[in-house]
Amino acid sequence: MADRSTKFPDLLRRAAVVAGLLISLLMVVRAQAGGDQLNLLARGWLLAERGQLVPYGNPLSSGGDGPGIATTLLMAGPLAVWRDHRSPVVLIWLLHLAAWALLDRRLRAVFTPWERAAFAVVYWLNPWRLEASAFLWNPNFLYFFGALHLATAFDQRERPRFGASFLHLIALGVGAQLHPAMLLLIVASLLLWRRGLVQVHWGGVAAGVAVTLALLVPWWQAVQAEPAIVAAGEGFPFRGLVWVQPLLKGLSYWLRYPSLLINKQSAIFDFTALAGAAVDRFLTPLAKGLVGISGILTLVAVLAANVDFFRRRFAAGARAAFARSQGADPRRFVEDYAFWCFVAAVVVFAAAPTTPQSWQAVPLFQAAVVPVVFWLGRRLASPASATVARRGLVAAAAAALAVQLALVAGGPNFRCGGRGGVTFPLRASSPMFDQLGLQRTCPWTFDVANEWWPDVLPEE
């Protein structure tokens with residue numbers, strides 16, 4: 001019995017990893033490009049094709065543009081190797097695979113065999129993460145930088161290390177250039193350091209800061225010539241405390257990420273091109289029903305897991321919950337990491353001047369799954385609940401695969417046209433569209449007056 005109890009979770013974990021890899025590869029092949037994608041591709045194409053360095057990232061929802069050249073470099077590198085709009089997507093896919101390797105290597109010593117299987121389902125096979133691994137969007141890079149943040153913090157729980165401190169700062173500095181949501185992990189790092197949970201090597205920190213600043217120099221020079229590229233800053237500070245709804249919405253993603261309740265924009269299904277209108281009328285409500293039912297059921301489980309996590313944390317009172325942890329026990333560190341990431345979320349979302357959106361909590365993804373894995377681990381280990389928990393975990397894995405297959409076949413990011421499709425008329429044209437295969441995989445309409453155009457791409 002003991003041997004079987006070890007073999008089955010290992011088999012489930014391996015099956016989940018392989019299934020996730022295969023589905024995400026299929027998603028990469030079918031990936032399409034919309035407005036945000038064209039803005040990103042334009043930055044990379046201008047550098048790879050014409051040697052023109054755009055010193056700032058995509059336009060931000062709060063106004064202005066993301067600082068630094070990290071976005072341009074990450075776009076141009078893959079395009080220099082393969083002139084196709086999916087080449088940066090391949091980089092994202094590889095980074096998600098690297099994120100899994102970073103986390104699994106550290107957490108295999110923390111988790112039991114069943115917890116490792118649960119982590120493979122809740123983190124790796126998660127539709128939120130899997131979809132993000134296979135289409136071009138700057139928040140999708142943050143899954144890797146979040147994993148690097150946890151891995152390098154874990155490596156410094158006992159003593160300071162130059163390499164870990166350097167990479168930790170790179171995760172924060174480069175990640176923040178890709179999207180300002182990395183502020184969540186910047187605050188989390190300060191809390192972890194202040195509570196003595198990580199031991200900092202100041203030489204590594206200095207080297208990481210130096211690299212980050214070097215990537216910001218061209219942007220700073222551009223700001224002197226064009227101040228409008230600096231983020232404008234809408235709303236007002238601590239809006240989340242005045243109007244509680246923004247704070248609650250931001251924290252709701254802590255619960256939604258480990259569940260199957262995916263973003264409503266992702267769930268705009270259309271299977272017409274793949275199976276015809278008659279089949280679409282059957283498959284679309286079926287897919288929506290699957291997302292709704294599995295999403296609600298798993299959300300209830302995630303809520304129960306978090307109630308258990310915080311009940312245990314505060315069992316000895318608030319003073320003990322926020323006290324410094326003694327020693328460097330790996331399992332206790334992972335619990336502390338998740339707790340202080342949640343505290344960072346409360347601080348940042350309370351101070352945020354605007355209402356948080358689903359992509360603005362992505363850096364917390366690896367922390368948000370921890371309470372669920374620990375809760376499942378206890379239920380999977382208990383003779384009274386093991387059978388139900390194991391069946392539930394397998395059912396969740398099957399439902400996750402079904403949701404992902406629906407996304408591959410009919411999700412808006414992986415098909416050309418249809419309901420909620422990503423293409424729309426453009427007011428001009430550019431050689432970029434032919435060189436990167438955009439006209440081959442999903443043709444765009446050009447030269448339509450008063451329509452949109454990528455912000456840095458010349459109109460030709």
Side-chain angles (χ1 to χ4, degrees), residues 5 9 103 106-123 126 146 149-150 153-154 157-158 184-185 187-189 191-198 247-248 250-259 297-350 361 363-390 392-393 396:
S5 67
L103 295 175
R106 271 76 180 176
L107 300 179
R108 69 179 61 177
V110 175
F111 293 155
T112 66
W114 272 110
E115 286 173 336
R116 288 188 72 193
F119 185 70
V121 173
V122 179
Y123 176 87
N126 187 293
H149 181 270
L150 193 162
F154 186 88
R157 69 190 189 281
E158 295 181 292
L184 287 161
L185 292 187
V187 174
S189 290
L191 292 172
L192 291 170
W193 169 67
R194 181 67 182 84
R195 304 312 299 166
L197 295 169
V198 295
L247 172 60
L248 295 180
L251 295 179
S252 73
Y253 295 112
W254 181 270
L255 301 177
R256 284 189 63 182
Y257 284 159
S259 78
L297 291 175
T298 52
L299 188 62
V300 170
V302 173
L303 179 60
N306 275 271
V307 169
D308 181 72
F309 179 81
F310 288 103
R311 178 182 61 81
R312 290 172 177 272
R313 182 82 190 191
F314 285 88
R319 182 183 295 273
F322 289 94
R324 291 175 181 264
S325 297
Q326 300 299 318
D329 176 68
R331 191 174 182 89
R332 173 67 184 192
F333 175 84
V334 174
E335 177 193 315
D336 287 338
Y337 178 88
F339 176 76
W340 289 107
C341 280
F342 182 83
V343 173
V346 174
V347 172
V348 173
F349 290 140
L364 298 175
F365 191 89
Q366 72 286 342
V369 304
V370 168
V372 182
V373 172
F374 281 167
W375 177 74
L376 284 171
R378 284 187 288 273
R379 294 182 64 83
L380 289 162
S382 171
S385 59
T387 300
V388 173
R390 292 171 188 180
L393 184 61

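A quick note: this is a predicted structure, and the numbers were derived from the prediction, not measured. We're numbering straight along the sequence, starting at 1.
Contact check for Arg256 versus Leu299: side-chain heavy atoms found under the 4.5 Å cut-off. No side-chain heavy atom of Pro9 sits less than 4.5 Å from a side-chain heavy atom of Arg116. Under the 4.5 Å side-chain criterion, counting only non-hydrogen atoms from C-beta, Val334 is in contact with Phe154. Phe349 is listed as a side-chain neighbour of Leu251, based on a closest heavy-atom distance under 4.5 Å.
Formation of a donor-acceptor pair under 3.5 Å by the Asn126 side chain with backbone atoms of Tyr257 is found in this model.
A distance of 6.0 Å separates CD in Gln366 from CG in Leu185, rounded to the nearest 0.5 Å. The OG atom of Ser385 sits 9.0 Å away from atom CZ of Arg390, with the distance rounded to the nearest 0.5 Å. Remark: Phe322 CZ to Leu191 CG distance equals 10.0 Å, nearest 0.5 Å. Note: Trp375 CH2 to Leu303 CG = 10.0 Å, rounded to the nearest 0.5 Å.
Within 6.0 Å of CZ in Arg319 there are 12 or fewer heavy atoms belonging to other residues, nucleotides or ligands.
Using bins of under 30°, 30° to 60° and over 60° for the plane-to-plane angle, the ring pair Phe310/Phe339 lands in the tilted bin. Ring orientation note: the planes of Phe119 and Tyr123 are close to parallel, at an angle under 30° on the 30°/60° scale. Ring pair Tyr337/His149 is tilted by interplanar angle, where 30° to 60° counts as tilted.
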_Please determine whether side chain to side chain contact (heavy atoms under 4.5 Å, CB included) holds for the pair Phe374 and Phe111, giving the CA-CA distance in whole Å, both sets of side-chain angles, and the decisive distance to 0.1 Å._
CA-CA 8 Å; Phe374 281 167; Phe111 293 155; 3.5 Å; yes

*Derivation and outcome, side chain to side chain contact (heavy atoms under 4.5 Å, CB included), residues Phe333 and Leu197*: CA-CA 7 Å; Phe333 175 84; Leu197 295 169; 4.2 Å; yes

*Given the rule in the side chain to side chain contact (heavy atoms under 4.5 Å, CB included) test, do Phe342 and Asn306 qualify, once you have shown the distances and angles that lead to the verdict?*
CA-CA 11 Å; Phe342 182 83; Asn306 275 271; 5.7 Å; no

*Run the side chain to side chain contact (heavy atoms under 4.5 Å, CB included) check on Leu376 and Val122 step by step: do they pass?*
CA-CA 10 Å; Leu376 284 171; Val122 179; 4.1 Å; yes

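Under the side chain to side chain contact (heavy atoms under 4.5 Å, CB included) criterion, Arg312 pairs with Asp308, Arg378, not counting sequence neighbours.
Just one residue in the list Arg331, Arg195, Arg157, Arg313 forms a side-chain contact (heavy atoms from CB on, under 4.5 Å) with Asp336, and that residue is Arg313.
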